[in-house]
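In this text, all values refer to a predicted model and were calculated from it rather than measured experimentally. Chain naming here is simple, since letters A, B, ... match the order of the sequence lines and numbering starts at 1 in each.
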Amino acid sequence: MTQSSATPVILWLRQDLRLSDQAALVAAVESGHPVLPVYVLDDAAAGDYAVMGAGRWWLHHSLSAFDASLRAKGSRLILRKGNSADVLAQLAAETGAVAVHATRHYEPWHKAAEQAVAARMKLNVHEGAVLYPPALVRSKTDSRYRMFTPWWKALLQHMPPPKPLAAPQAIPAPTLWPDSDVLDDWSLLPRNPDWAASFGEYWQPGEEAAKQRLRDFLPHIDAYNEDRNFPGKVMGVSRLSPHLHFGEISPALIWHVAAREAGEGAAPYLREVGWRDFGINMIDQSPDYGWVDGRAARGAFPWRRPDQDEAAARDLKAWQRGMTGYPIIDAGMRELWATGYVHNRIRMLVASFLVKHLLIDWRCGERWFWDTLVDADYGNNSVGWQWIAGTGFESNPFGRIMAPLGQSEKFDCGAYIRLWVPELADLRDPYIHDPEEFGVRPKAYPRKIIGHMAARTRAMAASSQLQKN
DNA sequence: TCGCCATTCTG
DNA sequence: AGAATGGCG
C-alpha cells in the first residue's frame with residue numbers, strides 16, 4: 001500500500017478547470033495515489049483551432065485561478081507545453097505515474113489526443129463536459145440527430161444529468177513535485193498593444209466567479225425567455241459561456257442548480273444550455289463542421305473573396321472594426337472587440353450581415369469570432385455560422401435575410417448602440433437605429449457601406465444563380 | 001415513402 | 001399572411 005500509494009496518477013486537464021463536479025478528479029483522488037494535475041498547452045494538435053487571442057487572455061487567468069484552488073486543497077497545477085502524448089509520457093517517466101485520468105472532449109483534436117495518449121499509457125476517460133454523451137442520443141431507428149428539436153426531445157429522456165460531484169476535501173500531493181513551466185512565460189496575455197486591457201471590467205475567469213455569476217443570474221431566470229431577446233438588458237442572459245467553455249462550471253451543475261431554484265421556470269434557459277451539447281453533437285458527427293459546408297451547395301457559392309478582391313477586403317475590415325454604417329452591427333462588432341463577447345441576438349445579426357449583405361464567406365467570420373471571442377467554442381461557433389450562412393444540415397435558408405435596422409428597433413437596441421458607438425451617443429430613438437435614413441450625419445460615423453435593399457437584391461441574385469447550376 | 005414541421009422573420 | 005427545403009417519424 002505504501003509503495004503503490006507513492007506512485008502518482010496524472011490528472012490531465014484541458015477544458016476542465018474546476019474542482020466541483022469533475023469525475024476525473026474524483027476518480028484520481030479515490031485511487032488512493034498522489035495526484036499530479038497537469039495542463040498541457042498543445043497548440044500544434046489543435047492547429048487552426050488552438051486557443052487564440054481573447055481565449056488566451058481567459059485561459060491565462062483561468063489557469064491562475066485553478067492553480068490557486070488546487071493549492072487551497074494541498075495540490076498545485078503543473079504546466080507543460082507540447083504534444084500531449086509526448087508530454088504525458090515524459091511526465092510519467094519522470095514521476096513513475098502509471099495512469100492518467102481525464103475528462104472526455106469531443107473536438108476532433110481532443111479525440112485524437114485521447115487516442116494517442118491511450119496508445120502509450122493507461123488512460124481513464126470520464127464524462128462530464130456534456131449533459132449526456134452525444135453518441136448515446138439516438139432516434140427510434142438508432143440514428144443520430146442533426147436537427148435540434150428532435151434531438152432535444154430525445155436528450156430530455158435522459159435528463160436530469162447525474163448529480164454533480166462535490167469537490168474533494170483534499171487532494172493528495174506527491175512527495176516531490178515535478179517541474180512546471182511558469183505561466184507568465186507562456187505569454188498568453190496580449191501586450192503592445194494590450195487590447196484586452198478592458199476585459200477585466202467585464203469578466204472574472206475561474207470557478208468561483210462562474211458559480212457567483214450563476215447565483216447572480218438565478219433571480220432573473222424566470223424572465224429569461226422574454227429578456228434574452230433584448231441585448232440592452234444586462235441580466236437578460238447569464239453570460240456563462242466562457243466559463244462553460246473552459247470547464248470552470250459543468251453543464252450538469254448548472255442544470256441541477258437552475259432546476260432546484262426555478263423548477264419548470266428554468267426550462268427555457270436550460271434549453272439554451274442544451275444548444276451547447278447540440279453543437280458538440282454536431283462536431284462529433286461531422287468533425288470538419290467548422291470549415292466544410294454541411295449541405296454542400298449545388299456548385300461553389302460565389303462568395304466575395306477578401307484575399308482576392310480589394311473591395312471585399314475593405315468590407316471585411318469595416319465589419320471587423322465596426323465601421324459598416326449600420327449602428328447595430330457596429331455596436332456589436334465593437335462590443336466584441338472591447339469585451340470578447342457579443343449578445344447572441346447581435347451575433348446573429350452581424351453574422352447575417354457579413355454573409356448576406358457583404359456576401360463574404362462565412363468561414364471568414366468564423367475565423368474572426370474564433371480570435372476575438374473569450375467563449376470561442378468549436379461546436380457553438382461552427383453550428384452558429386453554418387446556421388446563419390444556410391450551409392448547415394439544419395439552417396436558415398440563404399434567402400432569409402435578416403433586417404438589421406428593423407431588429408435594432410424591434411429589440412430596443414438604442415441604449416446598446418449609444419454604449420458602444422460613441423459617435424452616435426447624442427442620438428435619440430428612433431434616429432439612432434438608422435441615422436442616414438433620417439438625414440442625420442454624425443461626425444466621424446461612416447455612411448452605410450451598402451444599402452439594405454441593394455444588398456438584399458445582390459444576395460438573392462447570387463443565391464438564385466446557384467440554384468440554376 | 002410521404003407528410004409534418006422547423007430557434008430565435010420579412011415586407 | 002407567407003414559403004421552401006430537408007430531416008425525421
Exercise for the section: Mind checking the CD-OH spacing from A:Gln15 to A:Tyr378? Nearest 0.5 Å is all I need. Expected result: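 Those atoms lie 13.0 Å apart.
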Problem - Pairwise distance NE2(A:His105) to CD(A:Glu127) - rounded to 0.5 angstrom - result: 10.0 Å
Problem - Those residues that, when tested against A:Val237, pass side-chain contact (heavy atoms from CB on, under 4.5 Å) (two or more places apart) - result: A:Tyr224, A:Arg228, A:Arg239, A:Tyr341, A:His343
side-chain N/O [X] vs [N] OP1/OP2, d < 4.0 Å:
X	N	value
A:Gln407	B:dT10	yes
A:Tyr145	B:dA6	no
A:Arg456	B:dG11	yes

Pick base, sugar-phosphate or nothing for [X], based on heavy-atom distances below 4.0 Å to the nucleic acid.
X	answer
A:Pro150	sugar-phosphate
A:Met348	base
A:Asn396	nothing

Practice task
Sticking with atom P, work out how far B:dC9 lies from C:dG6, rounded to a whole angstrom.
Solution key: 22 Å
Practice task
Show the numbers, then the answer: is there a ring pair (Phe, Tyr, Trp, His ring centres under 6.0 Å) between A:Trp319 and A:Phe353?
Solution key: CA-CA 9 Å; A:Trp319 179 79; A:Phe353 189 86; 8.5 Å; no
Practice task
Count the heavy atoms belonging to other residues, nucleotides or ligands that lie under 6.0 Å from CD of A:Gln308, then report whether that count exceeds 12.
Solution key: yes
Rounded distance (Å) that lies between atom [atom2] of [N] and atom [atom1] of [X]:
X	N	atom1	atom2	value
A:Phe278	C:dC8	CZ	C1'	13 Å
A:Trp151	C:dG9	CH2	C1'	19 Å
A:Met460	C:dA3	CE	C1'	11 Å
A:Phe398	C:dG6	CZ	C1'	18 Å
A:Lys153	B:dA6	NZ	C1'	10 Å
A:Ile388	B:dC9	CD1	C1'	11 Å
A:Tyr224	B:dT8	OH	C1'	10 Å
A:Asn225	B:dT8	CG	P	13 Å

Practice task
Please confirm whether the backbone N or O of A:Trp58 pairs with a side-chain atom of A:Ser62, one donor and one acceptor, at under 3.5 Å?
Solution key: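 Not confirmed, A:Ser62 side chain does not pair with A:Trp58 backbone.
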Practice task
Ignoring hydrogens and angles, tell me if any N or O in the side chain of A:Arg104 forms a donor-acceptor pair with the backbone of A:Ala129 under 3.5 Å.
Solution key: no
Practice task
For DNA chain B, just give me the dot-bracket, please: Watson-Crick or G-U, both distances below 3.5 Å, ( ) intra-strand, [ ] crossing earlier pairs, | paired with another strand, . unpaired.
Solution key: .|||||..||.
Problem - is_close_aromatic(A:Phe398, A:Phe301), centroid dist under 6.0 Å - result: yes
Exercise for the section: Step through it carefully: locate the ring centre of A:Phe217, locate the ring centre of A:Tyr269, and say whether they are under 6.0 Å apart. Expected result: yes
Fill in the blank from the handout: Numerically ordered, the residues 263-275 of chain A set in heavy-atom contact under 4.0 Å with DNA chain B is A:Glu272, A:Trp275
Practice task
Taking all heavy atoms of A:Pro190 and all of A:Trp57, pick out the closest pair and write down the distance.
Solution key: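 Taking A:Pro190 first and A:Trp57 second, the nearest heavy atoms are CD-CD1, 4.2 Å.
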Problem - Upstream residue (5' side of DNA chain B) when A:Ala403 and A:Val383 are each assigned their closest nucleotide - result: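 Taking each residue's closest nucleotide, the earlier one in sequence belongs to A:Val383.
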Fill in the blank from the handout: Regarding the side chain of A:His452, the nearest nucleotide among B:dG11, B:dT8, B:dC9 is B:dG11
Practice task
Measure from the side-chain heavy atoms of A:Arg400 and tell me the nearest of C:dA3, C:dG7, B:dG11.
Solution key: C:dA3
